[in-house]
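Please read the structure below before turning to the comments.
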Amino acid sequence: MQNAIIFKFPTLPSRPSLAPPFASLIIRPKKLSKSTRKAGERTWWSSSRTRRGTNGRVIIRAMPCSSVNSSCGDDNGFLRNFKLNESTFLASLMPKKEIGTDRFLEAHPQYDGRGVLIAIFDSGVDPAAAGLQVTSDGKPKILDVLDCTGSGDVDTSKVVKADSDGCISGASGATLVINTSWKNPSGEWHVGYKLVYELFTETLTSRLKKEKKKKWDEKNQEQIAKAVKSLDDFDQKHTKVDDPRLKRAREDLQNRLDILRKQAECYDDKGPAIDAVVWHDGEVWRVALDTRSLEDDPDSGKLANFVPLTNYRTERKYGVFSKLDACTFVVNVYNDGNVVSIVTDSSPHATHVAGIASAFHPKEPLLNGVAPGAQLISCKIGDSRLGSMETGTGLTRALIAAVEHKCDLINMSYGEPTLLPDYGRFVDLVNEVVNKHRLIFISSAGNSGPALSTVGAPGGTSSSIIGVGAYVSPAMACGAHCAVEPPSEGIEYTWSSRGPTADGDLGVSISAPGGAVAPVPTWTLQRRMLMNGTSMSSPCACGGTALLLSAMKAEGIPVSPYSVRRALENTAVPVGDAPQDKLSTGHGLMQVDKAHEYVRQSQNVPCVRYQIKVNQSGKSTPSSRGIYLREATACRQSAEWTVQVEPKFHEDASNFEELVPFEECIQLHSSEKAVVKAPEYLLLTHNGRSFNLVVDPTKLSEGLHYYEVYGIDCKAPWRGPLFRIPVTITKPEAVISRPPQVSYSKMLFQPGHIERRYIEVPLGASWVEATIQTSGFDTSRRFFVDTVQICPLQRPLKWESVVTFPSPAAKSFSFSVVGGQTLELTIAQFWSSGIGSHETTSVDFEIIFHGIKTKQEEVLLDGSEAPVRIDVEAPLASEKLAPVAILNKIRVPYRPVDSKISSLPIDRDKLPSGKQILALTLTYKFKLEDGAEVKPQIPLLNYRIYDNKFESQFYMISDSNKRVYSTGDVYPNSSKLPKGDYTLQLYLRHDNVQILEKIKQLVLFIERKLEDKDVIRLSFFSQPDGPVVGNGSYKSSVLVPGKKEAFYLGPPSKEKLPKNSPHGSVLVGAISYGKLSFVAQGEGKNPEKNPAPYRVSFIVPPNKIDEDKGKASSPSTKSVSERLEEEVRDAKIKVLGGLKQETDEEQSEWKKLTVTLKSEYPKYTPLLAKVLEGVLSRSNFKDKIHHDEEVISAANEVIDSIDREELAKFFSLKSDPEDDGAEKTKKEMETTRDQLAEALYQKGLALAEIETLKEGDKSSDLASTEGEKDLGKTGEQSEPESGVHPDLFEENLNELKKWVDVKSSKYGTLIVIRDRRSGRLGTALKVLNDLIQDEGDPPKKKLYELKLSLLDEIGWTHLAKYERQWMYVRFPSSLPLF
């Protein structure tokens, strides 16, 4: 989505500098193409009132009136003539007049949405936003606020008790003071914590980071100034620093200065953590937050001062984290206090949407939403972890909540393209909600226009959902958009998605105003802003529908999604004169007052919808919801179609009272009998009826044609069409010229004008080179150029480009095409481009088709040394054959190491049907030898949200410290990971356990992007032996039509294979064959940027057999009894190493075995090293000093068991690598040396810790006698405790230096401790930073804890606070919840 159609919006729109404080939001689909249009470039468009065929003839055909109550000639002309004044300007900011709201409320002021509950499926509504507190009749506006995604969930399963002082230990480690007035009969406090930036939007986080960085820089600069002064003072005092101690002292001062400066350069604020405390007060669960980490004042944000909250639904109260962020939140408690959901919005989008639907401003009534009397529930489906993209979990939980709250309406301004319309798990659940529970579901059609077949799922592609297109009136254009000259009449925004769907349904149901200045969350630091898109038209229509339901409830008219939809569609005012305008606007601009009249008149009519299934005669599959003749072959012949009309009642309909008596005499009408022939009458009963249609497109001109067959109730024709069968024909023009090209000359454009052309792409074409030439204007012009092709079981293949011409000029571009499929070319002049100049822009557009045909689109190299032969030909025209192929990614397959199916809590995961949702958690392990950019790929599930039968998927990647590096769902993210071991957990949800069982061994690929230096460029050969022999290299040639050519693609050489490419992994990349005519010299080396690239893969073969492996080892000189004794000894030591010491009994058993083995094998170093390991592994000791003394004793035993003189003598001599016996001895000696070094290292750590602990005890004694001494004071270095030998640590360190490099990451901690003991804290910190930087494995918590203690000791509180915040990121106590 995370982006616009909202369709994947959910980010704060950019603000044009010329029009503060409002922003023009361009909402586009989340995953459209590689070429995306810049946000902020789209506001609204104008479209032509007529369509021209390729012969220039104007095509205008009459369509049936939507109903007898609306006149075909009365479109929206009542909005044409107007003058802005203050009132009309304010009204244009929240458009309502366009849909008849003013007339309706003037006649029925009490029907303003009262009694209607709307569920807002979006990014989360801010309950503190302007106009969202109360309804027009004084009731609470928002009844519930829910985070359905789980992104704000906090694990509060840890339970603690308060101590005698009334304090508890928070999950973050902070000590929290409990307010004594809080009731908690059980005395149990659930605790958890959350990184607060995880709750904020990217925009808010960015603002906070800037403000915090400014304050942090001030503190850091203050410390830098002190460090500079200290260094200057030292230099003035010591003109010569020959003395080693002075040199080290100056080096320490310099290191301090360097650290401060470097920290300023690498500052990366991850944000503070807030503690959450949950308890049951005897009646409800209560939540309090400790937000001191957000405040500058240490007395602010304390837990005890927090006013406890409970589930929003219970008391409808909310909180604000701090004055700085101004971010509103609510809480909800689940799973018996073990989970608290902190709900924030993931973008301003939802609040804006909610404001359009129902905001109430008693002092600013012109800025009211459409239905100010309606109430809301907020269902957050935009996951904050994914930048506000929706998830299957969020969508399902939102539907559950809407049914539970008995909502009347659902508005959802989200969606994306789909490969299968009216299909998927979410669609199935929506059907149940609408058909069984009678909710009315309204959603945005999408913002992917102006090309046809761009409606998105679910709004534009699902039969149970009312899809809404975006309309703009002259008043909106002049007022909200500040246009210097508005259009003469209302039109559809050109970016509004168009129908039909791939299966022929209309796609867009109705239209409503698609822009508004509406409320936004408080954290934006403004009350309202301008946004536009179908995201805005949907809540406008939803609000209008709420007015209608308010009237129906007040007047006792039964509410049904079926009757309401028919009323809206049959009373809508057509927008545009041409029949095909319905594909853009649906049935037209909704009219609340007329819909009200309709439902009044039809209240005694059965509540029924008419399900349409269309099949071409003689074919049972696939069924469609309309007729869509798009390809050339379908347009060249007449065809017969079978239409099945099946009345569908609500699930609670009575058999005897509703189903049995149902019978309608239907008169069928065709909008153009010469093209679409239908029977005249149909007798329809509950069991449905089929009839045949004949569609004859043969005599139609090239271009777009739209017709309908619709059924009218013979006894009640006033009802208008009961059902419609859309018939869309896009008759393409054939390309017969050679070389194949098409030109369109002197197309004339005014602002907002759209031209469509349909072309039969020649067979064999694979890419297009196009040129647009503009002329006839002086001021800048902006054009949108879109192309669409539709292929089976694929999302519409859409290419788009935004071209700006400061002056008349030409622009060239290229894009891929599919040969044999119809290509729609749509050219539109942006509505504001050239407005007011009254100049007509002339456009010439030329398309040249290119193609190099191969037998296989995907090339697979099987891992052998053999090349792959590639046969090519140029079927259309001569082409430059310049093959290029690279391998730039590696995909390694993994099976889960663990799988677990669990039942989810019933709080929010029980479907309306009563079924309990289950979760399958799959765990994968993978390792990176070097840092890399990785992306998890799940071929079965990726890139499908709505057209997927699985409810949900979510993954997180973490290291061994539980630090989460990446999260994602159906659209996996690329993440840069350092080297190390990683765990990927994949979370899948469904209510069918059999389905989950089938995928418990689901294959997942970790795709790793190769660095530029490792990208493999494949070679081409003219001979089959070329890859081995090394000759016959193939470069390029010219392909001539009618003549085939062949060459070989060689596999990569084994030397070029990236390291860590295991057997069975796949190297993937791209191959291209052609070359653009306008590409500059030297370009075109990357096939992914060349026209028509295809995939190339190489299966990594087995590694070569290690020649040394399997060689017989030298025969042992030891006897059988000696070897047996050694095996028994080693087995006993292994048993010792496997014993646990978690309890006193286990520790006692371990000690007994240790004593026995020591006596049995005295001074046996491997045994003593294992004993040392056992002592170090204990974690349940009470006396730290005593434990350290045990470590020292065990280390001394290891040290004393080794003959160090013999060891040193051995390493002073070189061994013969060819002598097996010598090599074996070398390995044994190296092991002994490592055991010695480890013992010395652990002894040094223990000595230092004892010294520190004893100094701490001494300081405590002094503090108790002196009373007021500040224990937090740092910077003064104490002498070592006199009871400890002052040179013992140094002696041990000097001994260690003899055997290893003590500056290495493994032993460097002792150097840090040495410098710290000497008071050189700056040097110690520098050494420690170097150790952390060089750390190859996942970060060690002890190193960072040591760093924190050094920072505290130096007195750099701002750096210590910064590092403590990072500790929650690097070393979380547990993995976050899904």
Taking atom [atom1] of [X] and atom [atom2] of [Y], what is their separation to the nearest 0.5 Å?
| X | Y | atom1 | atom2 | answer |
| --- | --- | --- | --- | --- |
| W1150 | T1143 | CH2 | OG1 | 14.0 Å |
| Q223 | L257 | CD | CG | 11.5 Å |
| E1291 | F1289 | CD | CZ | 12.0 Å |
| D275 | S172 | CG | OG | 3.0 Å |
| K1303 | L1310 | NZ | CG | 14.0 Å |
| L260 | E265 | CG | CD | 11.5 Å |

Next item on the list: Could you name each residue pair satisfying salt bridge (charged side-chain N to carboxylate O under 4.0 Å, His left out) that touches residues 1137-1149, not counting sequence neighbours?
Entry: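 Listed once each, the pairs would be none.
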
For residues [X] and [Y], is any side-chain donor paired with an opposing acceptor at under 3.5 Å?
| X | Y | answer |
| --- | --- | --- |
| K1243 | N1196 | yes |
| S960 | D981 | no |
| N1103 | H1063 | no |
| S1349 | R1316 | yes |
| T1165 | S1201 | yes |

Checklist line | Steps toward side chain to side chain contact (heavy atoms under 4.5 Å, CB included) verdict (N1329, K1347) | finding: CA-CA 8 Å; N1329 284 339; K1347 182 175 182 178; 3.2 Å; yes

Donor-acceptor pair, side chain of [X] and main chain of [Y], under 3.5 angstrom:
| X | Y | answer |
| --- | --- | --- |
| T1232 | E1228 | yes |
| Q1141 | G1174 | yes |
| N961 | R963 | no |
| H1187 | V1175 | yes |
| Y1362 | D268 | yes |
| N255 | E251 | yes |
| S1305 | L1331 | no |
| S1193 | E1190 | no |
| E1122 | S1119 | yes |

Are [X] and [Y] close enough for a salt bridge, meaning some N to O gap below 4.0 Å?
| X | Y | answer |
| --- | --- | --- |
| E1160 | K1132 | yes |
| D243 | R250 | no |
| K1059 | D1014 | no |
| D252 | R256 | yes |
| E1173 | K1170 | yes |
| D233 | K229 | yes |
| E222 | K219 | no |
| R1370 | E1363 | yes |
| K1158 | E1197 | yes |

Within 6.0 Å of [atom1] in [X], more than 12 heavy atoms from elsewhere:
| X | atom1 | value |
| --- | --- | --- |
| K976 | NZ | yes |
| H1186 | NE2 | no |
| E1127 | CD | no |

Quick check: closest heavy atoms across [X] and [Y], and the distance to 0.1 Å?
| X | Y | result |
| --- | --- | --- |
| K1226 | F1210 | CA-CZ, 3.6 Å |
| V892 | P1062 | CG1-CG, 3.8 Å |
| A1360 | L1348 | O-CD2, 3.5 Å |
| I1354 | G1322 | CD1-N, 4.5 Å |
| N220 | A264 | ND2-CB, 3.6 Å |
| G271 | L195 | O-CD2, 4.0 Å |

Margin query: If we check side-chain contact (heavy atoms from CB on, under 4.5 Å) with E1249, which of these qualifies: L1247, L1253, L1245?
Written below: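 Answer after filtering L1247, L1253, L1245: L1253.
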
Note to self: Quick check on side-chain contact (heavy atoms from CB on, under 4.5 Å): which of D258, I224, L1359 does Q263 satisfy it with?
What the structure shows: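 Of all the options given, the one that passes is L1359.
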
Side-chain touch [X]/[Y], heavy atoms, less than 4.5 angstrom:
| X | Y | result |
| --- | --- | --- |
| F1181 | D1183 | no |
| E1011 | E933 | no |
| L984 | T923 | no |
| L1236 | L1207 | yes |
| P1166 | Q1235 | yes |
| T1357 | K1361 | no |
| V1312 | L1350 | yes |

Note to self: Check for me whether the distance between the ring centres of Y982 and Y924 falls short of 6.0 Å.
What the structure shows: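 No, the ring of Y982 stays outside the 6.0 Å limit from the ring of Y924, centre to centre.
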
Check: Given the rule in the side chain to side chain contact (heavy atoms under 4.5 Å, CB included) test, do V1198 and V1171 qualify, once you have shown the distances and angles that lead to the verdict?
Finding: CA-CA 9 Å; V1198 175; V1171 171; over 6 Å; no

Item checked: R1204 and R1233: CA distance, side-chain angles, deciding distance, side chain to side chain contact (heavy atoms under 4.5 Å, CB included) verdict -> CA-CA 9 Å; R1204 283 172 279 175; R1233 180 194 61 194; over 6 Å; no

Notebook entry, point to check: Relative to the ring of Y1307, is the ring of Y1241 parallel (under 30°), tilted (30 to 60°) or perpendicular (over 60°)?
Noted result: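 It falls in the perpendicular class, over 60°.
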
Check: Using 30° and 60° as the class limits, which term best fits the ring planes of Y1368 and Y193: parallel, tilted or perpendicular?
Finding: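 Judged by the thresholds at 30° and 60°, the geometry between Y1368 and Y193 is tilted.
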
Next item on the list: Let me see the working for Q236 and D232 under side chain to side chain donor-acceptor pair (under 3.5 Å), right down to the final yes or no.
Entry: CA-CA 6 Å; Q236 290 178 10; D232 289 343; 6.0 Å; no

Item checked: Test side-chain hydrogen bond (donor to acceptor under 3.5 Å, both in side chains) applied to S1061 - qualifying residues, sequence neighbours left out ->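 S1061: no side-chain hydrogen bond (donor to acceptor under 3.5 Å, both in side chains) contacts found.
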
Note to self: K1163 vs I1202, test: side chain to side chain contact (heavy atoms under 4.5 Å, CB included). Steps then yes/no.
What the structure shows: CA-CA 8 Å; K1163 289 193 175 291; I1202 298 171; over 6 Å; no

